[in-house]
Amino acid sequence: MIKREKISNILKSTNFNTEVTVMGWVKTFRNNQFIALNDGSCMNNLQVVVDFANTSEEILKKITTGAAIAATGLLVESLGKGQSVEVKAATLEVLGESDAEKFPLQPKKHSLEFLRDIAHLRFRTNTFNAIFKVRNALAFAVHQFFNERGFVYLHTPIITASDAEGAGEMFRVTTLPFENTPKNEDGSIDFKEDFFGRSANLTVSGQLEGELGAMALGEIYTFGPTFRAENSNTTRHLAEFWMIEPEVAFADLEDNMNLAENLLKYIITYVLKNCKDELAFLTTRLAEEEKSKPQNERSEFDLMGKLQFCLENNFERITYTEAIEILKRSKPNQKKQFKYLIEEWGADLQSEHERYLVEKHFKKPVILTDYPADIKSFYMRMNEPDEQGRRTVRAMDILFPGIGEMVGGSQREERLDYLKARMDEMHIPQDELYWYLDTRKFGTAPHAGFGLGFERLVLFVTGMTNIRDVIPFPRFPKNAEF
RNA sequence: UCCUAAGUAGCUCAGCUGGUUAGAGCAUCUGACUGUUAAUCAGAGGGUCCCUGGUUCGAGUCCAGGCUUGGGAGCCA
């Protein structure tokens, strides 16, 4: 194929009157003369000027929105106002036609709901072009951050046999037939006949395996798909999502919080530096959207301002107990505006409470630590009971404005006897997790880690509000199209 | 799963207290124009009113059930 010039390069070029070949998809064709051409290399379009008097009617008719074309001609300074350069097409080839009556994208605003229905084509819009460029940059920044610090990128399994983690409903993995399924004498399914010789599921977290790696490699992280079969219908849950899970040996909760905060700030800095056009576009997009909201619901920062603010300020770090005190004294609690009123220590925080802390009280990201043991997982390190005998664990959740829980993590319980006691208490079978317990038997050490929901990060950075719009092909209840 | 709103042309939406042939803007098609920026002007075509039942002389409109979607809640990342 003829070597094409990327539009991103051409728009920056000043090599006027040289011949170039460009290939891309037609956004609009105005006045039978002007093609707005996009090849995905950047957000902006290149104007290709067609000499319609000397171009066959047959070709002109095929230059429709969505068609793929190749154009060769001189790069010149634009005569028109909206752009600095343009290509005067000497030859024009239609690579792939696009029936204008059937192509669903028009040169106008489409609702995000409609675009979700045509997720296979929504990449061709400015908005999704920007979102997936930013998503890519975020992913790259994650790897760069950890690589610079000597972390090992560990590939934990996607299929797991343990269903003891309690992190949520799991998708079953099986090759057993749906009919005449082999049964045990008691009528239950005989998984010995199944592919793995036992029941298997898609992973809900790589943490336990990650800990095994950290207890030898020192510092590891995972970054892969995660699956939850919860019937969650919200703007911040997916059945298939990507999670980043670092795990660090010889680290406590303090180190863990520092790592998470540094990671988030590093990534945001990277994107501010490397995705200027995309963030500028998304900032404008969000501002437009905010215009339709009532004044009191609009945010005080625009998207860029919000990201900048996040970098310039330390995340607020408070304990659960302190948070409860703040919430108890808060106006919405005293005026009984909360749906769930905060009355006593031990209550799980509802999202209205988290939002109050983050969006009203502190107005910045908040790290909540030391939750009551009763509402947290078995593997979190137990604190000494306080003077009132209340038990807490060394957990931390990082809450972001508009997103809620972005990060959930903890210092891990490294003391074998404590861990076993907790597992018994929570009815987690020790024999199934013998391999996990082995790390505490042989050379146990303090360690800590967390899980960062990648799509939630993309939401925050792009200013989008529905998690289904920041992953190419979202999976959620009743939907696995594409 | 619960609460709530919605589903009408390719898209966004109007359609009153049930009434004759269901509308608009954009898109599409045809023609005009030709340095346009979501081009402009004139005309034309385009409908399983989400599905299944029911009430009624008559249902886009009312009732019941279902499906899907948006928003909120729960589960969580």
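Note on naming: letters A, B, ... go to the chains in the order of the sequence lines (proteins, then strands), and numbering restarts at 1 for each one.
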I'd like to know if A/Asp469 and A/Arg122 make a salt bridge, using a cut-off of under 4.0 Å between side-chain N and carboxylate O.
yes
Could I get the full list of side chain to side chain donor-acceptor pair (under 3.5 Å) partners for A/Lys306, not counting sequence neighbours?
none
When you check every protein heavy atom under 4.0 Å of nucleotides 35-41 of chain B, what one-letter string (B, S, -) results, 5' to 3'?
BBBBB--
Does the side chain of A/Val50 come within less than 4.5 Å of A/Leu92's, by heavy atoms?
yes
Could you tell me how the ring of A/Tyr320 sits relative to the ring of A/Tyr371: parallel (under 30°), tilted (30 to 60°) or perpendicular (over 60°)?
tilted
Nucleic acid contacts - residues 464-482 of chain A versus RNA chain B, non-hydrogen atoms under 4.0 Å:
A/Asn466, A/Arg468, A/Phe476, A/Lys478, A/Asn479
Dump the pairs, protein N or O against N or O of nucleotides 44-47 of chain B, anything under 3.5 Å, distances to one decimal.
none

With stacking defined as ring centroids separated by under 5.5 Å and planes differing by under 30°, is A/Phe454 stacked against B/A77?
no
By nearest-heavy-atom nucleotide on RNA chain B, the more 5' of A/Gly408 and A/Glu352 is A/Glu352
The criterion is salt bridge (Lys or Arg N to Asp or Glu O under 4.0 Å); which residues satisfy it with A/Lys364, sequence neighbours excluded?
A/Glu316
Looking only at side-chain atoms of A/Gln350, point me to the closest of B/U30, B/A73, B/G70.
B/A73
What salt bridge (Lys or Arg N to Asp or Glu O under 4.0 Å) pairs are there with at least one residue in residues 23-48 of chain A, not counting sequence neighbours?
A/Arg4-A/Asp39
Proximity of A/Phe223 and A/Phe454 rings by center, below 6.0 Å:
yes
Hey, do the aromatic rings of A/Phe128 and A/Phe123 have their centres closer than 6.0 Å?
no
Give me the ring orientation class for A/Tyr153 and A/Tyr221: parallel if the planes are under 30° apart, tilted from 30 to 60°, perpendicular past 60°.
parallel
For the residue pair A/Arg468 and A/Phe476, would you count it as a cation-pi contact if the rule is NZ or CZ under 6.0 angstrom from the ring centre and within 45 degrees of the ring axis?
yes
